[in-house]
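Remarks on the structure that follows.
The analysis underlying the following values was restricted to heavy atoms, covering all of them including side chains, and did not include hydrogens, waters or symmetry mates. The chains referred to below are lettered A, B, ... by the order of the sequence lines, with proteins before strands, and numbering in each begins at 1.
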2 protein chains.
Amino acid sequence: MPRKPIPTLSGVFTPTETPAHLARDVIESALREAIMDGRIPPETPLRQEEIATLFGVSRMPVREALRRLESQGLLHIQPYKGAVVTALINQDAMDTYGVRLLLEPEALRLSLPHLSDTDLAEASACLTALRRARDSATLARLNREFHMALYRRAGNARLLYLIEQELAQEERFLRFHLSAMGTGHQAHDDHEALLDAARSGDESRALARLRRHLSQAEHAIRHYLADQDNAASPAGDAPRIAGESK
Amino acid sequence: MPRKPIPTLSGVFTPTETPAHLARDVIESALREAIMDGRIPPETPLRQEEIATLFGVSRMPVREALRRLESQGLLHIQPYKGAVVTALINQDAMDTYGVRLLLEPEALRLSLPHLSDTDLAEASACLTALRRARDSATLARLNREFHMALYRRAGNARLLYLIEQELAQEERFLRFHLSAMGTGHQAHDDHEALLDAARSGDESRALARLRRHLSQAEHAIRHYLADQDNAASPAGDAPRIAGESK
DNA sequence: AAATTGGATCCTGGATCCAATTTAGAGTAT
DNA sequence: ATACTCTAAATTGGATCCAGGATCCAATTT
């Protein structure tokens with residue numbers, strides 16, 4: 001009989017934390033990192049006392065850190081019941097691509113004329129690193145960094161902030177599903193073509209590449225999720241989808 | 001005589017959605033309202049102790065409330081220095097309009113085919129209420145509600161969430177400055193024309209109206225802010241450029 | 001045996017106390 | 001007078017303690 005695995009926090013954090021900053025900030029960023037890259041999977045309940053002892057502090061800074069992470073959408077807190085890591089909702093992932101198709105081409109258009117050689121070199125470095133990266137976490141992170149390198153000079157801080165939010169969402173999603181999705185080699189060609197167009201400063205071609213890239217990514221994920229839904233019942237043990245358990 | 005049925009409690013009590021008035025929640029919403037209304041003007045420093053005694057509680061729930069308001073962008077908290085109410089839209093923050101020009105037309109486009117008569121009636125009700133509203137707070141709120149009524153059926157929750165964030169920013173700004181800006185009669189015509197186009201289902205016309213509306217609003221605010229800056233520093237000082245200080 | 005109830009235990013919310021940091025002010029020297 | 005230093009008050013950050021709600025389990029009832 002399939003027991004549902006209850007995630008715990010054992011061995012998630014390395015005990016190295018240096019108190020360079022305020023405790024609540026250290027804890028907040030540590031928890032955010034851990035949630036983002038999947039070391040703390042969705043649905044995990046976060047006990048204040050447990051986290052406090054893990055970091056060697058009292059529950060107080062933990063509480064403030066949890067409060068902020070809740071506002072950032074990473075946690076769900078219920079009164080007297082505690083904090084639970086937010087589930088990855090498939091619909092949210094799809095919605096994100098709709099938003100990104102609006103925001104990112106505009107950011108690229110604004111940024112393109114101001115891109116320096118250094119920016120392009122950094123983007124290129126991301127691609128070479130992407131080629132030899134193996135684990136999903138690194139792949140997802142490099143993917144985000146590549147995109148941001150191209151948008152960086154857009155000059156609209158609010159726009160860039162929103163894009164970063166969306167990319168963080170995607171990064172978290174990919175960290176969980178990339179290995180099961182079959183790498184996505186076509187995304188690599190898209191990236192190369194996009195960088196190439198950006199190098200030549202060809203706005204319309206770059207925008208077209210970017211739009212195609214995002215559309216294909218959306219299509220791939222949509223297919224992947226549909227397959228998962230179909231395979232959910234007959235196949236014995238498809239990769240777990242967050243929120244599936246009871 | 002039929003036996004009297006055994007009475008039960010089903011349906012006697014409304015399933016109250018606010019089970020417990022936690023102090024931190026009460027304080028959070030009270031502070032948010034006060035900040036949005038302008039009872040607490042921008043740049044005001046918020047002392048934890050002062051708020052705590054005002055609400056008859058300790059500083060603890062105040063701290064958690066402040067922490068969340070910070071994440072919502074209404075406060076700015078610095079370590080050991082405390083919380084100050086965030087400044088309103090200024091010259092640097094005008095790029096929210098650039099974002100809105102991307103997000104809102106798309107939301108309208110997606111929503112337009114699914115708008116029901118009820119939706120249109122609600123939007124219309126907002127406009128009639130707008131016509132007789134006098135205070136800035138009501139005007140600003142109705143403006144937001146009118147826009148959201150038209151976007152409501154877009155079907156992309158993430159998109160709608162982002163738009164609500166942007167509209168909330170504008171609402172707070174308008175509450176403060178609408179009276180000084182000269183009401184904005186042209187905005188009213190814009191709204192009428194937009195609703196009219198939405199009623200007829202004419203997508204291209206509705207989108208054009210909306211884009212024009214947003215552009216004009218941006219233009220009006222930009223002008224207003226420029227005038228304020230000039231009036232603030234008559235002759236002697238050069239007008240402050242954002243980011244110039246220090 | 002199933003359902004309801006009483007209660008032990010765990011966990012969170014809030015209060016109070018202490019430590020760390022900033023800020024204001026007094027005092028002194030230049 | 002101005003600038004600088006040092007101290008004390010004010011304010012925030014964190015620890016500890018207690019109260020209240022949630023959850024689980026045994027005891028009692030039906």
| Are A:Lys81 and C:dG13 close enough that a side-chain N or O sits under 4.0 Å from OP1 or OP2? | no
| query | Are OP1 or OP2 of D:dG13 and a side-chain N or O of A:Arg24 less than 4.0 angstrom apart? | reply | yes
| query | When Watson-Crick pairs (N1 to N3 and N6-O4 or O6-N4) and G-U wobble pairs (N1-O2 and O6-N3) count only below 3.5 Å on both distances, what is the dot-bracket string of DNA chain D, with | for other-strand pairs? | reply | ||||||||||||||||||||||||||||||
Say whether, by atom type as modelled, one donor and one acceptor occur between the side chain of [X] and the main chain of [Y] under 3.5 angstrom.
{"X": "A:Thr138", "Y": "A:Ala133", "value": "no"}
{"X": "B:Asp119", "Y": "B:Ser116", "value": "yes"}
{"X": "B:Asp37", "Y": "B:Arg39", "value": "no"}

| task | Determine whether any donor atom in the side chain of A:Arg59 lies under 3.5 Å from an acceptor atom in the base of D:dG14, or the reverse, and answer yes or no. | result | no
| Under 3.5 Å donor-acceptor pair, B:Arg63 side-chain atoms to C:dG14 base atoms | no
For the side chain of [X], counting heavy atoms from C-beta on, which of [options] is nearest?
{"X": "A:Gln48", "options": "D:dG14, C:dT12, D:dT12", "value": "C:dT12"}
{"X": "B:Tyr80", "options": "D:dG14, C:dA20, C:dG14", "value": "C:dA20"}
{"X": "B:Pro61", "options": "D:dG14, C:dA15, C:dG13", "value": "C:dA15"}

From [atom1] of [X] over to [atom2] of [N], roughly how many Å is that when rounded to an integer?
{"X": "A:Met60", "N": "C:dG13", "atom1": "CE", "atom2": "P", "answer": "11 Å"}
{"X": "B:Glu64", "N": "C:dG14", "atom1": "CD", "atom2": "P", "answer": "7 Å"}
{"X": "B:Glu49", "N": "D:dA9", "atom1": "CD", "atom2": "P", "answer": "17 Å"}
{"X": "A:Glu70", "N": "C:dT12", "atom1": "CD", "atom2": "P", "answer": "14 Å"}
{"X": "B:His21", "N": "C:dG13", "atom1": "NE2", "atom2": "C1'", "answer": "16 Å"}
{"X": "B:Leu75", "N": "D:dT12", "atom1": "CG", "atom2": "C1'", "answer": "15 Å"}
{"X": "A:Leu22", "N": "C:dA20", "atom1": "CG", "atom2": "P", "answer": "13 Å"}
{"X": "B:Ile27", "N": "C:dA15", "atom1": "CD1", "atom2": "C1'", "answer": "13 Å"}

| message | I'd like to know if the side chain of A:Tyr97 pairs up with that of A:Glu166 as donor and acceptor (distance under 3.5 Å, no hydrogens or angles considered). | response | no
| task | Check every strand shown and say whether B:Leu46 touches a base, only sugar-phosphate, or nothing at a heavy-atom separation below 4.0 Å. | result |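 B:Leu46: backbone/sugar contact only, no base atoms under 4.0 Å.
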| query | Is the shortest side-chain N to carboxylate O distance from A:Glu218 to A:Arg222 below 4.0 Å? | reply | yes
| N-O pairing of A:Arg144 and A:Glu164 below 4.0 Å |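 No salt bridge links A:Arg144 with A:Glu164.
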| query | Would you call A:Leu115 and A:Leu150 a side-chain contact if the rule is heavy atoms closer than 4.5 Å? | reply | yes
